[in-house]
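Remember, it's a predicted structure, so these values are computed and weren't measured experimentally. First listed ligand is number 1; within each ligand, the first listed atom is number 1.
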Amino acid sequence: MATATARVFNFAAGPAVLPLPVLEEAQRDLVSMPGVGMSILEMSHRGKFFEGVLQQTEADIRRLAGVPDDYKVLFLPGGASLQFSMVPLNFLPRDKAADYIVTGAWSQKAVKEAKKVGGVKIAYTGEAANFSQAPAQGDLKLDPNAAYVSFTSNETIHGVEFKYVPATGNVPLVCDTSSDMFSRPLDVPKHALIYAGAQKNIGPSGVVVVIVKDEWLKKRVDDPKLPTMLNYAIHAENTSMYNTPPCFAIYIMGLVMKWLLSIGGLPGIHAINERKAARLYAEIDRTGYYKGHAQKDCRSLMNVTFRLPSEELEAKFAKEAKAVGFDGLKGHRSVGGMRASIYNAFPEEGVDALVNFMREFESKNG
Ligand code: PMP
């Protein structure tokens, strides 16, 4: 088994690499939490210690992302996929429609679930160009009477990232930020609801962070048949403790938040992320041997998708990369090629090592 001193470069799309200091602290305290004498895995979620973990994690998220006081921060189970259903179940009146901006596979999935609940209008789709682009504001066909507008700030599979927050007037904006949450400054007040599965940038799998505006929560569809666990208001009233929350995942996320604050918060990590992505894209563009999937103006800082001249070369690249300790580089089958996921915790040396490898591979196979 790999140890802390012999870790591969993990380019996986999620669950993904976590900061080493976080893993080391969790490992050190796993068997017995100082001052408590038992593992975080064994404690009651109603006990003082876990209550403190939950409150501190929320406070750190508020500080990190500048979450205003009139927003709730919730920790929910069910993955980001459950949010595809919870959002329309709570906020799509059955006689109205919501606008969905479709920039890849994850926004398509959100549409599929919303259609089971109510009306959906596609405000934009990048499908014709195999989801290689994000729309400009002027490309969006927004309905001023929509229940809300939903978009995906970063499409994990296609590597397409919004560089702006769509303006939606008075229509509430919902964002799936699962793969770029806390990778750059986040303009919370422009949104009514933001959600992210933790397992890419902010923690392990098992927990979803939801940031929702109180005012919108009050306007929720009042459906008495809505199952309790799918009701945001119940989770908000019970400070994410209606049932047993994903305690361990929240604890690790809390450590990740502390790590992010210690390296300069969101502006600090954004600068690092820009540097890492710029190095990789510069290599992709250097000779034309590699081809980026996403258009240049919407290239993801998190998921760098690229092709090689042939599928045979792609298979060879993936195999040789794996042999030198680069894990998880093979792209999703719908895009093909490679995907280097370089989330917050992915080390800069790993990017340099991949760039050197790409250069060498090209010179041997060009
Ligand atoms: N949205 C995006 C942008 C994602 O990348 C993913 C997972 N890769 C999901 C939603 C679904 O997340 P989960 O597996 O936590 O349901």
Side-chain angles (χ1 to χ4, degrees), residues 10-18 74-89 100-116 124-127 131-135 149-163 165-166 173-184 186 191 193-211 229-230 235 240 245-246 248-250 252-253 256 273 293-294 298-305 328-335 339-346:
N10 180 5
F11 290 93
V17 58
L18 285 164
L74 306 176
F75 303 98
L76 303 185
S81 298
L82 188 60
Q83 297 303 307
F84 297 162
S85 302
M86 276 180 76
V87 167
L89 283 168
Y100 276 72
I101 300 171
V102 181
T103 47
W106 295 106
S107 26
Q108 274 184 317
K109 287 200 168 168
V111 166
K112 188 170 158 219
E113 296 308 314
K115 279 185 173 166
K116 294 178 186 172
Y124 168 87
T125 176
E127 191 167 10
F131 298 123
S132 57
Q133 59 201 34
V149 178
S150 170
F151 82 113
T152 309
S153 53
N154 183 63
E155 281 285 353
T156 321
I157 290 176
H158 296 86
V160 166
E161 188 173 45
F162 274 82
K163 303 299 174 189
V165 178
L173 181 63
V174 172
C175 184
D176 174 1
T177 62
S178 291
S179 48
D180 65 351
M181 181 74 129
F182 302 160
S183 65
R184 56 182 176 169
L186 181 64
H191 303 78
L193 189 147
I194 300 166
Y195 62 87
Q199 67 269 21
K200 297 158 199 310
N201 253 332
I202 54 176
S205 63
V207 64
V208 174
V209 172
V210 174
I211 302 175
M229 281 295 288
L230 302 184
H235 291 294
S240 307
F248 189 69
I250 293 170
I252 298 286
M253 191 197 288
V256 174
N273 287 332
H293 175 73
C298 60
R299 283 174 157 178
S300 171
L301 297 187
M302 300 285 97
N303 309 101
V304 178
T305 45
L329 268 176
K330 201 165 173 315
H332 191 272
R333 60 193 174 284
S334 60
V335 181
R339 171 176 51 175
S341 296
I342 49 172
Y343 297 118
N344 287 347
F346 190 87

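Distances below 4.0 Å separate heavy atoms of Gly79 from the following atoms of ligand 1: 15 (O), 16 (O). Every atom of ligand 1 is numbered from 1 in the order shown, and the set under 4.0 Å from a heavy atom of Ser178 is 1 (N), 2 (C), 3 (C), 4 (C), 10 (C). Residue contact check: Asn154 has heavy atoms under 4.0 Å from atoms 3 (C) of ligand 1.
In this structure, of Asp176, Thr152, Thr156, the residue bringing a heavy atom nearest to atom 10 (C) of ligand 1 is Asp176.
Looking at Ala80 next to ligand 1, an N or O pair under 3.5 Å apart turns up. Between Lys200 and ligand 1, at least one pair of N/O atoms sits closer than 3.5 Å.
No option in Val174, Ile194, Leu76 other than Leu76 meets the side chain to side chain contact (heavy atoms under 4.5 Å, CB included) test with Gln83. Under the side chain to side chain contact (heavy atoms under 4.5 Å, CB included) test applied with Ser183, the options Asn201, Leu301, Ile202 reduce to a single match, Asn201.
Residue-level proximity to ligand 1 for Ile157 is absent, since no heavy atom of it falls below 4.0 angstrom. Using a 4.0 Å cut-off between heavy atoms, Gln199 contacts ligand 1 through its side chain alone, with no backbone atom that close.
In this structure, Ser81 counts as a contact residue of ligand 1, since one of its heavy atoms falls inside 4.0 Å of the ligand. By the 4.0 Å heavy-atom criterion, Glu155 is excluded from the residues contacting ligand 1. Not close to ligand 1: Thr177, with no non-hydrogen atom less than 4.0 angstrom away.
The aromatic rings of His158 and His293 sit tilted, their planes meeting at an angle between 30° and 60°. In this structure, Phe162 and Phe151 have perpendicular ring planes: the angle between them is above 60°, well past the 30° mark.
Not one N or O on the side chain of Thr152 forms a donor-acceptor pair closer than 3.5 Å with the backbone of Asn154.
Between Glu113 and Lys115, no side-chain nitrogen of the basic residue sits less than 4.0 Å from a carboxylate oxygen of the acidic one, so the salt-bridge criterion is not met.
The number of heavy atoms from other shown groups lying within 6.0 Å of NZ (Lys163) is above 12.
Checked by atom type, the side-chain pair Tyr343/Asp180 shows no donor-acceptor distance below 3.5 Å.
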